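Read through the structure below, which is laid out as C-alpha cells, and then see the notes.
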Amino acid sequence: MIRPHGLRRVWGRLHVTARDLPLAVLLCALAFVPSMRGSGTDIGAVAERPYDAPAVVAIGLQTLALTLRRRWPAVCLTLVAAGFALDQLRGYHTVASTALPLALLSAGAHLERYRRTTVAVLSVAYVLFIAELVRRGSGEPPAELVSFYVAMCLLWGGGAWLRSTRIAEAERRHQVAEQTRSAERARIARELHDVVTHHVTAMVVQAEAARYLTAAPERLDEALTAVTDTGRRAVADLRHLLDLLNPDYGEGSRTPPVGRLLTLVEQTRRAGQPVEFTEKGTPAASTGSADLVAYRVVQEALTNALKYAHGQATSVLVRHGERDITVEVGTDGPGTRAVTSPGGGRGLAGLRERVDVLGGEFEAGPRPGGGFAVRARIPTGSRA
C-alpha cells in the first residue's frame with residue numbers, strides 16, 4: 001500500500017510536463033461532452049456551428065498545449081491563442097477556450113525571456129483578431145472587446161506577481177543559506193580557536209617547565225611526555241573539527257565524548273596548574289549543544305588560568321540539572337585577568353555569545369577576595 005506522502009514524492013519526481021498532462025486531458029475530454037458544447041467563451045457574437053474537423057484542431061491546440069505551460073510557456077501561449085482564435089472565428093465556443101486564461105497566467109509566471117516582446121506581439125495579434133471579427137460582421141459592443149483585453153492583461157499581471165513572489169522567496173532562501181554558512185564558518189573558527197589556544201598554551205607552559213628539569217631526568221621525561229600527549233590531543237581535536245566539514249558527518253558527533261572534561265582537567269594539571277574538579281548530578285539524555293558549550297567554557301577558563309595565573313589554585317564545578325548545566329571556574333591569586341580578542345568573537349566574548357544563543361547566562365570577572373571567576377548557566381535541549 002502506497003502512503004499519501006509516498007505518492008507526493010513520486011508525483012514530485014515526474015517531469016513538469018507529465019504533471020500538467022492530466023489537466024490538459026481532462027479539459028480536452030470535457031470539450032467533447034455533448035452537454036458542454038457551446039458553453040465556452042463567446043466573444044464576437046459569431047453564430048454557433050456544430051463540431052467538424054477544424055473544431056477538433058481548435059480543441060487540441062487549446063487543451064493539449066497546456067502540458068507545455070511551465071516547460072515552454074511562450075510556445076504554450078502561442079498554440080492556445082491560435083486555437084482560441086480558430087474557436088471563436090468558427091463559432092464553436094467550446095469549453096476548451098477556458099485554457100486561454102490558464103495559459104496567460106502560466107506565461108506571466110514562468111516566462112523568463114522576451115516578456116515585453118511577448119506582450120506586444122499578443123496585443124497586436126488581438127487587434128488583428130478583433131479586425132477579423134469586425135470584417136465578418138461581429139455585433140459585439142466595443143466595450144466588451146476592450147473589457148476582454150483588460151481581463152487578459154490582469155491575468156498576465158497576476159502571473160507576473162506570482163513570478164516576482166517566487167523570485168523574492170528564492171532570494172530569501174539564498175540569503176538564509178548564506179547566513180547559515182557564515183554562522184557555521186564562524187562556529188568552526190571559534191572551535192579552532194578554543195582547541196589551538198588551549199593545547200598550544202599547555203604545550204608552551206610544559207615546555208618552559210621542562211627547561212628547568214635537566215637535572216632531574218625522571219621529571220624531565222614526564223614533562224616531555226606531557227608535551228607529546230598534549231600535541232596528540234590537539235591533533236585529534238583538530239581532526240575532529242575538520243571532520244565537521246564533511247557533509248556526511250553526523251550532528252551528534254559535535255558533542256565531546258563522555259569523560260573529556262576530566263581529561264581536560266588532567267591535562268591542565270600536568271601543565272603545572274593545580275585544579276580541583278567537581279562534577280555533580282547526572283547528565284540529561286538529550287542536551288543538544290549544551291554539553292559542547294559547557295566543555296568550551298571550562299576549556300577557555302583553564303586556558304586563561306594557565307596564561308595569567310600559572311600555578312595558582314583553580315577550581316572547576318560542573319553541575320548537571322534537569323533543565324540546565326551550570327559551570328563555575330575560579331582561580332586564586334591577584335592580577336588574574338582574561339583577554340578577549342576584539343574581532344571574531346574569540347575568547348570569553350565568544351563564550352558569552354555561545355551561551356546567549358542558547359538562552360543562558362554568562363559572567364566573567366574578578367572575585368571579591370582576589371582572583372578571577374567564570375560562571376555560566378546553559379539550558380539543555382537546544383540544538384542552536
Side-chain angles (χ1 to χ4, degrees), residues 20 23-70 72-111 114-164:
D20 288 331
L23 175 63
V25 172
L26 176 62
L27 193 58
C28 182
L30 288 176
F32 289 100
V33 176
S35 60
M36 300 293 290
R37 293 187 179 183
S39 59
T41 304
D42 183 358
I43 180 171
V46 177
E48 187 175 341
R49 71 167 67 190
Y51 285 5
D52 52 15
V56 175
V57 174
I59 292 172
L61 286 174
Q62 293 178 93
T63 59
L64 299 182
L66 289 179
T67 58
L68 309 176
R69 68 186 185 90
R70 286 185 282 183
W72 293 299
V75 174
C76 170
L77 184 56
T78 300
L79 294 176
V80 171
F84 179 83
L86 180 61
D87 185 302
Q88 299 302 310
L89 292 174
R90 297 280 295 178
Y92 302 124
H93 309 310
T94 69
V95 73
S97 58
T98 56
L100 182 61
L102 291 174
L104 279 166
L105 188 67
S106 298
H110 300 289
L111 187 63
Y114 307 113
R115 294 176 61 84
R116 294 182 180 179
T117 302
T118 301
V119 171
V121 170
L122 289 175
S123 298
V124 171
Y126 183 75
V127 171
L128 296 176
F129 169 67
I130 296 302
E132 180 63 20
L133 285 177
V134 172
R135 190 187 70 79
R136 296 189 180 200
S138 170
E140 193 77 46
E144 293 293 332
L145 299 176
V146 173
S147 298
F148 184 81
Y149 177 77
V150 171
M152 296 299 101
C153 290
L154 290 176
L155 286 167
W156 174 275
W161 177 80
L162 291 174
R163 178 175 179 269
S164 63

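Just so you know, these numbers use all the heavy atoms, side chains as well, and skip hydrogens, waters and symmetry mates. This structure is a prediction, so every number in the text was calculated from the model and none was measured.
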How long is the gap from CG on D87 to CD1 on I59, to the nearest 0.5 Å? 7.5 Å

Are any side-chain N or O atoms of S164 and backbone N or O atoms of W161, one a donor and one an acceptor, separated by less than 3.5 Å? yes

If you round to the nearest 0.5 Å, how far is CG of L102 from OG1 of T63? 11.5 Å

Between R49 and R90, is there a donor-acceptor pair closer than 3.5 Å when you use the side chain of the first and the backbone of the second? yes

Distance in Å, C28 SG paired with L23 CG, rounded so as to fall on 0.5 Å steps: 11.5 Å

Before you tell me yes or no, could you show the steps for E48 and D42 under side chain to side chain contact (heavy atoms under 4.5 Å, CB included), namely the whole-Å CA-CA distance, both residues' side-chain angles and the distance that decides it to 0.1 Å? CA-CA 9 Å; E48 187 175 341; D42 183 358; over 6 Å; no

Mind telling me whether F129 and F84 have parallel, tilted or perpendicular rings, with 30° and 60° as the class edges? tilted

Euclidean distance, E132 CD relative to L89 CG, rounded to 0.5 Å: 6.0 Å

How long is the straight-line distance from CD of Q88 back to CG of L133, given to the nearest 0.5 Å? 8.0 Å

Assign the ring pair Y51 / F32 to parallel, tilted or perpendicular, where the plane angle (0 to 90°) is split at 30° and 60°. perpendicular

Look only at the side chain of H93 and the backbone of V46, and say whether a donor-acceptor pair between them is shorter than 3.5 Å. yes

Considering only distance and modelled atom types, tabulate donor-acceptor pairs under 3.5 Å from the side chains of residues 117-124, sequence neighbours left out.
unit_1	atom_1	unit_2	atom_2	d
T118	OG1	Y114	O	2.7
S123	OG	V119	O	2.9
S123	OG	Y149	OH	2.8

L77 and side-chain contact (heavy atoms from CB on, under 4.5 Å): which single residue from L68, L111, L104 fits? L104

Checking S97 side chain against G40 main chain: does a donor-acceptor pair fall under 3.5 Å? no

Distance check, rounded to the nearest 0.5 Å: L79 atom CG versus L66 atom CG? 10.0 Å

